Colleague: 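Take this structure first; my questions come after.
For the single chain, residues carry numbers from 1 onward in sequence order. What you see is a predicted model; the values in this text were computed from it and never measured. Excluded from the calculations below are hydrogen atoms, water molecules and symmetry mates; all remaining heavy atoms, backbone and side chain alike, are included.
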Amino acid sequence: MNANRVKQILSSSANIEVKYNGASVWIDQLNEDGKTATVHLRGPLEERSNVEIGELVED
């Protein structure tokens with residue numbers, strides 16, 4: 001995924017499924033470096049992680 005698509009997903013009101021290492025995640029923000037994003041798993045766990053946006057896959 002690229003930075004422009006991450007921005008589109010963040011601004012969309014649609015429920016767009018994104019996966020990281022096979023797990024469904026929510027994107028919280030695109031980080032200032034433009035290469036990483038803060039995400040958290042869909043579900044009850046709110047643990048956030050910074051990941052490379054190139055590793056995010058739109059399902």
Side-chain angles (χ1 to χ4, degrees):
M1 188 172 293
N2 63 41
N4 284 336
R5 185 60 185 141
V6 171
K7 290 176 189 175
Q8 289 172 349
I9 290 170
L10 286 169
S11 65
S12 174
S13 61
N15 183 6
I16 300 168
E17 186 158 352
V18 175
K19 291 195 173 176
Y20 174 71
N21 286 345
S24 189
V25 296
W26 290 107
I27 302 173
D28 297 312
Q29 69 180 26
L30 178 64
N31 296 328
E32 288 184 18
D33 61 12
K35 298 177 184 168
T36 62
T38 303
V39 303
H40 69 274
L41 292 174
R42 291 180 182 235
L45 297 176
E46 290 288 321
E47 184 177 338
R48 284 166 169 60
S49 302
N50 287 320
V51 301
E52 296 283 329
I53 61 172
E55 296 179 28
L56 296 173
V57 178
E58 192 172 344
D59 205 21

Colleague: As a quick check of understanding, evaluate side chain to side chain contact (heavy atoms under 4.5 Å, CB included) for N15 and W26, giving each step before the final call.
Modeller: CA-CA 9 Å; N15 183 6; W26 290 107; 3.3 Å; yes
Colleague: Are V6 and M1 packed together at the side-chain level, in the sense that at least one heavy-atom pair is separated by less than 4.5 angstrom?
Modeller: yes
Colleague: Go through it in stages, so that I can follow the logic: the residues are I16 and Q8, the test is side chain to side chain contact (heavy atoms under 4.5 Å, CB included), and I'd like the CA-CA distance, side-chain angles, deciding distance and then a yes or no.
Modeller: CA-CA 10 Å; I16 300 168; Q8 289 172 349; over 6 Å; no
Colleague: Taking the side chain as every heavy atom from C-beta outward, state whether L56 and V39 have any atom pair closer than 4.5 Å.
Modeller: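 They are in side-chain contact.
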Colleague: Do the side chains of E58 and R5 get close enough for a salt bridge, i.e. N-O under 4.0 angstrom?
Modeller: yes
Colleague: If you measure from NZ on K19 to OG on S24, what distance do you get to the nearest 0.5 Å?
Modeller: 6.5 Å
Colleague: Can you list the steps and then say if N31 with T38 is a side-chain hydrogen bond (donor to acceptor under 3.5 Å, both in side chains)?
Modeller: CA-CA 7 Å; N31 296 328; T38 303; 3.1 Å; yes
Colleague: Test I27 against L10 for side chain to side chain contact (heavy atoms under 4.5 Å, CB included), laying out the working first.
Modeller: CA-CA 7 Å; I27 302 173; L10 286 169; 3.8 Å; yes
Colleague: Specify the closest pair of heavy atoms between V25 and R42, including all atoms of both residues, with the distance to one decimal.
Modeller: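 The answer is O-NE, 3.6 Å.
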Colleague: Calculate, to the nearest 0.5 Å, the distance between atoms OH and CD belonging to Y20 and E52 respectively.
Modeller: 8.0 Å
Colleague: Answer yes or no: is there a donor N or O on one side and an acceptor on the other, between the side chain of S11 and the main chain of K7, under 3.5 Å?
Modeller: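 A pair under 3.5 Å: yes.
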Colleague: Which atom pair, heavy atoms only, marks the closest approach of G34 to I53?
Modeller: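 Heavy-atom minimum between the residues: O-CD1, 3.5 Å.
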Colleague: Shared ILVMFWY cluster between I9 and V51, side chains joined below 4.5 angstrom?
Modeller: yes
